[in-house]
Structure formats: C-alpha cells, structure tokens
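For reference, the structure discussed in these notes is given below.
Whatever order the structure lists ligands and atoms in, that order sets their numbers, starting from 1. Quick note: residue numbers are just sequence positions, from 1. Values reported hereafter were calculated over all heavy atoms of this structure, with side chains retained and with hydrogens, waters and symmetry mates removed.
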Amino acid sequence: MNLESDLGWGKKWPAPAKINLMLRIIGRRADGYHLLQTVFQFIELSDWLSFYPVSDSSVKLRKPLLGVAENDDLTVRAAKLLQRETGCRLGVEIAVEKNLPMGGGLGGGSSDAATVLLVLNRLWGLNLSIEQLMALGLSLGADVPVFVFGYAAWGEGVGESLTKIDLKEQWVVIIKPDCHVNTKQIFSSDNLTRDSKSITIDDFIAGQHNNDCLQVVCEAYPQVHQALADLSVYAEARLTGTGACVYALFGSEEQAQFACQALSANWHTYVSRCVNESPLLSCMKVGANL
Ligand SMILES: C[C@](O)(CO)[C@H](O)COP(=O)(O)OP(=O)(O)OC[C@H]1O[C@@H](n2ccc(N)nc2=O)[C@H](O)[C@@H]1O
Ligand SMILES: Nc1ncnc2c1ncn2[C@@H]1O[C@H](COP(=O)(O)OP(=O)(O)OP(=O)(O)O)[C@@H](O)[C@H]1O
C-alpha cells in the first residue's frame, strides 16, 4: 500500500444517516432559528464518499448530484470552507455515492458535509480539533455538528449543544414517502408549536417521543400522514426531523424485515440498524491505527 492510500485517499468513507428520536421546539432565536430539544441516533444506511488528490487548489465533484448545483453542494461548500479557514492551498476531487434520500429528514447532505470536514482535515493535514470542525459545520447547517461529534446525542440549542447518550441499538424500518419536505418551509409555518415545555433526558427515556413538526408536516404532505398510519400497524411510528421519512424501531432484524417486506408493496422502504457510534467515527479510528 502506498502512502496516499494509507492516509485514505481513494478509500470509501461513510456518511451515515441520522434519525431524530424526538424533537421539541422550545423557543425561537432573534435570527429566526428555533431552539430545540432533540435526540439523534445514527443508522448504518450511508452515502459513501471518496477523495482524490488534484494538482491544483480546485474543489470539484466527480459527478454533481441531480438538481444540486456543484457550488451549492454541501460537500463542495465544506471543502472550500476548510480551505478558507486554514489557508490550505490543496485541492480535491470528491466522488459521492448517494444512497440517502434528499429532503428526507435523514440528514444526508449534512452528513456528507461532516464526512468532508473530518476526512479532509486528515488528508490535508490540517489538525483542526473536533470542536473547531463542529463550529465550522454549524455554519453549513444545524445538523452538521452531530455528524462531526460522532456519537448518539441529546441535542439542544439549534442542535449544536450535544451531550453523548447511550441508547438501545435497535433495527429501524424507514418509509420514504414520495415527496421532498422543505425544512425551511416547515420551520416558517404559522401553525408550528414553538413553546413546548423543556423536558429532561429521563422524560425522554420514560417515553416522551413526540416531534413538534409532525402536525404541520402531515397537513402539508398527506403522504407522510398515510405512511405513519401504515407503519404504525407494526410498531410506534415516528417522523424524523421535518420528514419526509417516517420510521419505527424493532428489537430484531427478523421483525424489521417482516414489516419492511409487507410495507414495500406500497412504499419505498429501508431497513437498517441504529448505532450509537457513527460508522464514520468507527472507520476513522481504524484509519488512525494504520
Ligand atoms: C430538523 C432537523 O433536521 C432536526 O435534526 C434540523 O433541525 C434541521 O437541520 P438542517 O437541515 O441542517 O438545518 P439548516 O440547513 O441549518 O436550516 C434549514 C432551515 O431550517 C430552519 N431551522 C433549522 C434548524 C433550527 N434549529 N431552526 C430552524 O429554524 C431555518 O429556517 C433554516 O433556514
Ligand atoms: N451533498 C448533498 N446531499 C444532499 N442534499 C444536498 C447536498 N448538498 C446540498 N444539498 C441540498 O440540501 C437539501 C437537503 O438535503 P438532505 O439530504 O440533507 O435532506 P434532509 O435530511 O431533509 O435535510 P434538511 O433537513 O436540511 O432538509 C437537498 O434538497 C439539496 O438541495
């Protein structure tokens, strides 16, 4: 193996999805962003990113995503942000294998950005700390910090104040209804609950799983309402983030596959495993021991 591949150039790095196990909106900041209480857990379902050296300081995508201009892509924005912040003059070509549905509430774009921050920090030899990368990530989107943090977390603030939490690692069945939910549109709704009472981690563990975006999302997107109804035949069905994906947790892979198979006649479904440590973090630990 040569030095380039030892470092991780050309290797495939995961950008896993997240689910929100509950989401409460407890206030709103002067800039319009909402103050949340949420619980993040990762799932193994991932996009995969590879990085290739280039001879100049350009940042480019091997193949831009359909419907996303190259310079708007969160991967490109993350790489350019790192260059700006550190003065790094190295460039990169990024290849993205996109598996996570866009506008699904699974945080795919945010996770792609976090993978770029963490992996290029290593490949470009920048030595930024996790805290510095989380702060940079926050400027790209409220969901980016948790993917840099790398552990299941109780999230507060706009989602950036994170406390590690150990959750049961169950199996998850996800339905992706045939619609893209625009996060900004949901957070702008006049009908959104913005004054939920704060709860504690113990309240969540005792069973408070509500998502304050649920009603507004279901009113705007009847498919999401129908997906929740169909999934709740098998287990408690919940919305992740602002949707559109809905999910249910199962104690075993067999139970999850059973529900998934029945639902897949009418819906686009996924089965995956919930994990407390981000698959990216697990991968980076292996890399660090080379
Ligand atoms: C719904 C969640 O996915 C839950 O994890 C996140 O809160 C959303 O995170 P995100 O998609 O990374 O959000 P951003 O890209 O930062 O913001 C998208 C839009 O959502 C709104 N937004 C987002 C997060 C937040 N705490 N309050 C907000 O009001 C803002 O209007 C913003 O214009
Ligand atoms: N690499 C990327 N992957 C996915 N979407 C991206 C990416 N870069 C930019 N975007 C834009 O971000 C939007 C949200 O995509 P994402 O997959 O993160 O959905 P989401 O999980 O619902 O997140 P959000 O809550 O931000 O809407 C997309 O519709 C797309 O326009």
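- With a 4.0 Å cut-off on non-hydrogen atoms, S110 touches ligand 1 through its side chain and not its backbone.
- The atoms of ligand 2 that sit less than 4.0 Å from any heavy atom of L106 are 21 (O).
- Near D72, meaning under 4.0 Å from any of its heavy atoms, are these atoms of ligand 2: 9 (C).
- Listed by atom number, the atoms of ligand 2 under 4.0 Å from G105 heavy atoms are 20 (P), 21 (O), 22 (O).
- When non-hydrogen atoms are compared, ligand 1 lies under 4.0 Å from the backbone of Y33 as well as from its side chain.
- Taking a cut-off of under 4.0 Å to the non-hydrogen atoms of L65, the atoms of ligand 2 that pass are 1 (N), 2 (C), 3 (N).
- For T38, no heavy-atom contact with ligand 1 is shorter than 4.0 Å.
- Heavy atoms of L35 found under 4.0 angstrom from ligand 1: none, in either backbone or side chain.
- Of the charged side-chain nitrogens involved, at least one lies within less than 4.0 Å of a carboxylate oxygen, so that K18 and D143 count as a salt-bridged pair.
- Distances shorter than 4.0 angstrom do not occur between any heavy atom of G241 and any atom of ligand 2.
- Between E277 and K285, at least one side-chain nitrogen of the basic residue sits less than 4.0 Å from a carboxylate oxygen of the acidic one, meeting the salt-bridge criterion.
- Ligand 1 places these atoms under 4.0 Å from at least one heavy atom of G32: 29 (O).
- Neither the backbone nor the side chain of V144 has any atom closer than 4.0 Å to an atom of ligand 1 (non-hydrogen atoms only).
- Contacts between K18 and ligand 1 below 4.0 angstrom, taking non-hydrogen atoms only, involve the side chain exclusively.
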